[in-house]
A.B. asks: 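Sharing a structure here in C-alpha cells format.
All chains are named by letter (A, B, ...) in the order of the sequence lines, taking the proteins before the strands, and each is independently numbered beginning at 1. None of these values were measured; they are calculated from a predicted model.
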Amino acid sequence: MKKILFKDLANYYGQEIELQGFVDKVRDLQYVQFVILRDSSGKVQMTIEKNEENKELNEIVTNLTKESTILAKGIIYQQDKVKLRGMEFIPNKIEVTSRSEEELPIDILDYNNKSKQDLRLDNRFLDLRLEKNYLIFKGQTIAEMAMRDYWIENDFIEIHSPKILGTASETGAEVFDLKYFGKKVFLAQSPQFYKQMAMGAGFNNVFEIGPVFRAEKSHTAYHATEFTSVDCEMSWIKSHHEVMDLEEEKLIKVMKKISNDIGEDFKRVFKKEFVIPKENFPRIKFYDAKKIIQDNYNYVGEKDYDFNRREEELICLYSRKKLNSDFVFVIDYPFEARPFYHMIDEKTKLTKSFDLLYKGIEITTGAQREHRIDVLKKQALAKDMNLDTLDFYLNFFRYGMPPHGGYGFGLTRFLMRLFEVDSIRDVTFLYRGPNRVTP
RNA sequence: GGUCCGGUAGUGUAGUGGUUAACAUGCCAGUCUGUCACACUGGAGAUCGUGGGUUCAAGUCCCGUCCGACCGCCA
C-alpha cells in the first residue's frame, strides 16, 4: 500500500486506507471519540463511536497521549459537519507505534506556543513539529531549487569549496582554528578565495551553497557562528552593476516560485502575503544614502564610511515608503568599509561594490573584484595584510584572470525577512551560536 | 565587551521584606449524545537559576556566578 500524505486524503473518499501520523489532539466524549491526526502535510479527524463493537479501539484512544504516533486502517469519508477539511476517517484498526510522554517540555499547540526560544531550541525536534516551522524549511528548499534552476539556465557551474583552510580567510571577522594532525588550520569564513580561483580556472560562472563559520561572540537575532551562505561569481564583467542585474533577476525568480508554491499556506499559517519584487531594485550610492537618511529621518550614524543597524533600517524604510521596494541596493562604498579585493573605481576612488538590503537587514555583499595582481597587492598592503600568507591566493592572478565579480547571500537572513520572523534561529534547522552547540 | 533588563509548577506569567507562593494553559481523574482551541467539576504538580551575605524573617534587599534578552563588534 502506497504511503498516503494527509494533504491528499480527498482523493480516497470511500476507500479503505492506511494512515500514519502524530496524535495532535484527543477529544474523548461520552459516546464518541475524536482524534486529530497530523503529518507534515496536514491534519485529519479520526472518529470512533463508543460501543461494544469498538471496545478495543475505544480503549486505545482513552489511553492515547498527544504526540504519540499511530498507524490506523479504515475508511476516509466526506463529512460536512466536521470543520477540519469536511472529512473524517473511521478506523477499524489502530496501532500505537510510539507512545509520547504525557507532558511536553515546550508548548507546541498552534494557538499557544509561547515557550521561550532558548527552551524551544533545546527541544528543536518538537518545535519543528509546528506547521509554521515546517513551512519555513519547505520555503528554503524551494528557494534553493529556484536559485539552482536559475544558475543552470545561465551556464553557472556548482562548486563545493573546502571548509578546512590552511590560512585564515580574508575579511577581518574572527575565524575558528582547530587542530589538524598537529597543525593549526582554520574554518572557512567564506568561499570567497575559491570561487575566485574558479574564475582563474576559466569556469566563467560558478555558484556554491554551503556552510560558513564566524568566530564572533555576537548575541543578536541575526547572527550565527555557522550559517548557510549562497555564493556566486561571474567572469567577463565590466562593472558591479552586472552582478546586481544577475542577483535581482535571480531573486525575482525565487520569490515568484516561493509565492506560487507556498503562498497560500503562508497566508493561512502566518496571516501574511509574499510581496513579489518588481524589476529595477533601487540602487542608491552610499553617500547619497547617508544624505537621504539625514534629510528624511534626521539621523547620522557614528561612522561616516559605513552603516550601523539603525541606518540600514532607515534606508529600507525610505525604500519601502518612497520607492515602493522591499529590496534596495546600496552601492559604491568607500574602501575603508570593504575588504581588500573589492575593485576601486579610478574616477570616484570608491569601491565598485554593493550591499543588498531587504526589509531592514543586509542580506548580500557583492562587488566587482580587483583582478590585476599589482593593484590587488597594493590594496592588500593598504589593509595591513601579509602578502606571504596570501600568496596562494595571489597565485590565482598570475597567469591570466578574467575581470569578474560576485556576491555572497545569507540564506538564513533572507528567509528570516521573507517569513518576517524575529530571529535567524527560527529559520536555521539547528542554530549554532557563541553559547549553543547542541542539540 | 556594555545594560538601575530577565530567570518563580511541564509551559507562559503575577507576586516591592511577614500565614498554606497566585493566575492561565498543559497534565491526571470524573461528568458530559458529534466534538472541532469541546465544556463542566475535582486533583496532582514550585526546595522561586545557582553560591554566599544582610535580617527576627528573603521569591522579594546586597555581592558573586551561570544562562538568556537587548545593544555593540561583525555579515
A.B. asks: Residues from residues 84-97 of chain A sitting under 4.0 Å of RNA chain B, heavy atoms only?
C.D. replies: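 By residue number: A:L84, A:E88.
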
A.B. asks: Provide the Watson-Crick or G-U wobble partner of B:U3, both distances under 3.5 Å; none if there is no partner.
C.D. replies: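 For B:U3, the partner nucleotide comes out as B:A69, under the 3.5 Å rule.
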
A.B. asks: My understanding is that only residues two or more places apart in sequence, or in another chain, count here; which of them pass ring pair (Phe, Tyr, Trp, His ring centres under 6.0 Å) with A:F327?
C.D. replies: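 Counting only residues at least two positions away or on another chain, A:F327 forms a ring pair (Phe, Tyr, Trp, His ring centres under 6.0 Å) with A:F281, A:Y358.
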
A.B. asks: Let's see if you can work this out: which of B:G12, B:A75, B:C32 has an atom nearest to the side-chain heavy atoms of A:E362?
C.D. replies: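 Looking only at side-chain atoms, A:E362 lies closest to B:A75.
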
A.B. asks: Expressed in angstrom and rounded to an integer, what is the separation of A:D306 atom CG from B:G72 atom P?
C.D. replies: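 The distance from CG of A:D306 to P of B:G72 comes to 13 Å, rounded to the nearest Å.
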
A.B. asks: Using atom P of each nucleotide, how far apart are B:U16 and B:C61 to the nearest Å?
C.D. replies: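 That atom pair is separated by 9 Å.
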
A.B. asks: Please list all pairs meeting ring pair (Phe, Tyr, Trp, His ring centres under 6.0 Å) that have one or both residues in residues 19-59 of chain A, counting only residues at least two apart or in different chains.
C.D. replies: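 Every candidate ring pair (Phe, Tyr, Trp, His ring centres under 6.0 Å) pair involving residues 19-59 of chain A fails, so no pair, neighbours aside, qualifies.
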
A.B. asks: For A:N205, which residues count as a side-chain hydrogen bond (donor to acceptor under 3.5 Å, both in side chains) partner, sequence neighbours excluded?
C.D. replies: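 side-chain hydrogen bond (donor to acceptor under 3.5 Å, both in side chains) check on A:N205 returns nothing, list empty.
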
A.B. asks: For A:N123, which contact category applies under a 4.0 Å heavy-atom criterion: base, sugar-phosphate, or nothing?
C.D. replies: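 The answer is nothing, as A:N123 stays clear of every strand by at least 4.0 Å.
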
A.B. asks: Give me the distance, rounded to whole Å, that separates B:C48 from B:G10 when you measure between the P atoms they each carry.
C.D. replies: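 Pairwise P distance, B:C48 against B:G10, rounds to 12 Å.
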
A.B. asks: Report the base-pairing partner of B:A46 (Watson-Crick or G-U wobble, both distances below 3.5 angstrom), or none.
C.D. replies: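 No nucleotide pairs with B:A46.
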
A.B. asks: For B:G17, which nucleotide in any strand shown is its Watson-Crick or wobble partner with both distances under 3.5 Å?
C.D. replies: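 None - no nucleotide pairs with B:G17, as no candidate has both distances under 3.5 Å.
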
A.B. asks: Taking CG from A:L119 and C1' from B:G49, how many angstroms apart are they, rounded to a whole number?
C.D. replies: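 Going from CG in A:L119 over to C1' in B:G49 covers 13 Å.
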
A.B. asks: Measure CZ/A:R432 against C1'/B:A75 and give the value in whole Å, please.
C.D. replies: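 Interatomic distance, CZ of A:R432 to C1' of B:A75: 20 Å.
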
A.B. asks: Mind calculating the distance between CD (A:E216) and C1' (B:G1) to the nearest angstrom?
C.D. replies: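 Result: 12 Å.
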
A.B. asks: Look at the side chain of A:S115 and decide which nucleotide, out of B:G72, B:G12, B:G10, has an atom nearest to it.
C.D. replies: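 Comparing B:G72, B:G12, B:G10 against the side chain of A:S115, the answer is B:G12.
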
A.B. asks: Which part of the nucleic acid does A:A224 contact within heavy-atom distance under 4.0 Å: base, sugar-phosphate only, or nothing?
C.D. replies: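 Result for A:A224 = base.
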
A.B. asks: Give a yes/no on whether any side-chain N or O of A:Y31 is located under 4.0 angstrom from OP1 or OP2 of B:U31.
C.D. replies: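 No, no such contact exists.
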
A.B. asks: On a whole-Å scale, what distance lies between the P atoms belonging to B:G12 and B:G52?
C.D. replies: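 Taking atom P in both B:G12 and B:G52, they lie 27 Å apart.
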
A.B. asks: If I pick the P atom on B:U20 and the same atom on B:U65, what distance separates them, to the nearest angstrom?
C.D. replies: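 Per the computed distance, 34 Å lies between those P atoms.
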
A.B. asks: Using atom P in both nucleotides, what's the gap between B:G45 and B:C40 to the nearest angstrom?
C.D. replies: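 The answer is 24 Å between these two P atoms.
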
A.B. asks: Whole angstrom is fine here: how far is it from CG in A:L130 over to P in B:U11?
C.D. replies: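 Whole-Å distance recorded here is 16 Å.
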
A.B. asks: Considering heavy-atom distances to RNA chain B, does A:T225 or A:Q79 have its closest nucleotide positioned more toward the 5' end?
C.D. replies: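 Its nucleotide being nearer the 5' end, the pick is A:Q79.
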
A.B. asks: Less than 6.0 angstrom separating the ring centers of A:F227 and A:Y431, yes or no?
C.D. replies: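 A:F227 vs A:Y431: aromatic centres not under 6.0 Å.
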
A.B. asks: Going by side-chain hydrogen bond (donor to acceptor under 3.5 Å, both in side chains), name the residues that satisfy it together with A:K25, two or more places apart in sequence or in a different chain.
C.D. replies: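 A:K25 satisfies side-chain hydrogen bond (donor to acceptor under 3.5 Å, both in side chains) with no other residue.
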
A.B. asks: Under the side chain to side chain contact (heavy atoms under 4.5 Å, CB included) rule, what do A:Y299 and A:R310 come out as? Steps first, then yes or no, please.
C.D. replies: CA-CA 9 Å; A:Y299 181 83; A:R310 182 88 186 119; 3.5 Å; yes

A.B. asks: Indicate whether the side chain of A:T97 and that of A:T69 have a donor and an acceptor atom separated by less than 3.5 Å.
C.D. replies: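 Their side chains do contain a donor-acceptor pair, which is all the 3.5 Å distance test asks for.
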
A.B. asks: Can you tell me the distance, in whole Å, between the CD1 atom of A:I363 and the C1' atom of B:A75?
C.D. replies: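 A:I363 atom CD1 is separated from B:A75 atom C1' by 12 Å.
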
A.B. asks: Report the residue (A:E102 or A:K25) whose heavy-atom-nearest nucleotide on RNA chain B is the more 5′ of the two.
C.D. replies: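 It is A:E102, whose closest nucleotide lies nearer the 5' terminus.
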
A.B. asks: Could I get the full list of side chain to side chain contact (heavy atoms under 4.5 Å, CB included) partners for A:T220, not counting sequence neighbours?
C.D. replies: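 A:Y222, A:H223.
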
A.B. asks: Taking any heavy-atom pair under 4.0 Å as a contact, classify A:K114: base, sugar-phosphate, or nothing.
C.D. replies: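 A:K114: backbone/sugar contact only, no base atoms under 4.0 Å.
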
A.B. asks: Please enumerate all residues that pass side-chain hydrogen bond (donor to acceptor under 3.5 Å, both in side chains) together with A:S41, with sequence neighbours excluded.
C.D. replies: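 side-chain hydrogen bond (donor to acceptor under 3.5 Å, both in side chains) check on A:S41 returns A:D39.
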
A.B. asks: Distance check needed: B:A29 C1' versus A:N63 CG, whole Å only.
C.D. replies: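 That distance rounds to 13 Å.
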
A.B. asks: Using ring pair (Phe, Tyr, Trp, His ring centres under 6.0 Å) as the criterion, list what pairs up with A:F397, not counting sequence neighbours.
C.D. replies: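 Checked A:F397 against ring pair (Phe, Tyr, Trp, His ring centres under 6.0 Å); matches are A:Y393.
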
A.B. asks: Between B:U47 and B:U8, how far apart are the P atoms? Round to whole Å, please.
C.D. replies: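 Their P atoms lie roughly 11 Å apart.
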
A.B. asks: Quick one, give me the B/S/- string for nucleotides 41-48 of chain B, reading 5' to 3', where B means a protein heavy atom under 4.0 Å from the base and S means that only happens at the primed atoms, P, OP1 or OP2.
C.D. replies: --------

A.B. asks: Any side-chain N or O of A:K66 less than 4.0 Å from the OP1 or OP2 oxygen of B:C27?
C.D. replies: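 For B:C27, OP1/OP2 do have a side-chain N/O of A:K66 under 4.0 Å.
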
A.B. asks: Would you say A:M145 and A:K257 make side-chain contact, with heavy atoms under 4.5 Å?
C.D. replies: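 When only atoms from C-beta onward are counted, A:K257 and A:M145 do touch, with a gap below 4.5 Å.
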
A.B. asks: With a non-hydrogen cut-off below 4.0 angstrom, is A:K50 in contact with a base, only sugar-phosphate, or nothing?
C.D. replies: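 No contact.
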
A.B. asks: Measure the distance from CD1 on A:I108 to P on B:G10 and round it to the nearest whole Å.
C.D. replies: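 Result: 18 Å.
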
A.B. asks: Are A:R338 and A:S353 close enough that a side-chain donor and a side-chain acceptor fall under 3.5 Å?
C.D. replies: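 Yes, because at least one side-chain N or O of A:R338 sits under 3.5 Å from a partner of the opposite role on A:S353.
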
A.B. asks: Can you tell me how far C1' in B:A58 sits from the matching atom in B:G51, rounded to whole Å?
C.D. replies: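 Result for the C1' pair: 15 Å, nearest Å.
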
A.B. asks: What pairs meet the salt bridge (charged side-chain N to carboxylate O under 4.0 Å, His left out) rule with one or both residues in residues 423-438 of chain A, with sequence neighbours excluded?
C.D. replies: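 Residue pairs with at least one partner in residues 423-438 of chain A: A:D118-A:R436, A:R120-A:D426, A:D122-A:R436.
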
A.B. asks: Could you list the protein-to-nucleotides 66-70 of chain B atom pairs, N/O on both sides, closer than 3.5 Å?
C.D. replies:
| from | atom 1 | to | atom 2 | distance (Å) |
| --- | --- | --- | --- | --- |
| B:G68 | OP2 | A:N435 | ND2 | 2.7 |
| B:A69 | OP1 | A:R425 | NH1 | 2.4 |

A.B. asks: Please list, chain by chain and in numerical order, all residues satisfying ring pair (Phe, Tyr, Trp, His ring centres under 6.0 Å) with A:Y333, sequence neighbours excluded.
C.D. replies: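 A:F286.
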
A.B. asks: For nucleotides B:A44 and B:A24, find the distance between their P atoms and express it as a whole number of Å.
C.D. replies: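 Per the computed distance, 16 Å lies between those P atoms.
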
A.B. asks: Using a cut-off of 4.0 Å on non-hydrogen atoms, how would the nucleic acid contact of A:L104 be classed: base, sugar-phosphate, or nothing?
C.D. replies: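 A:L104: backbone/sugar contact only, no base atoms under 4.0 Å.
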
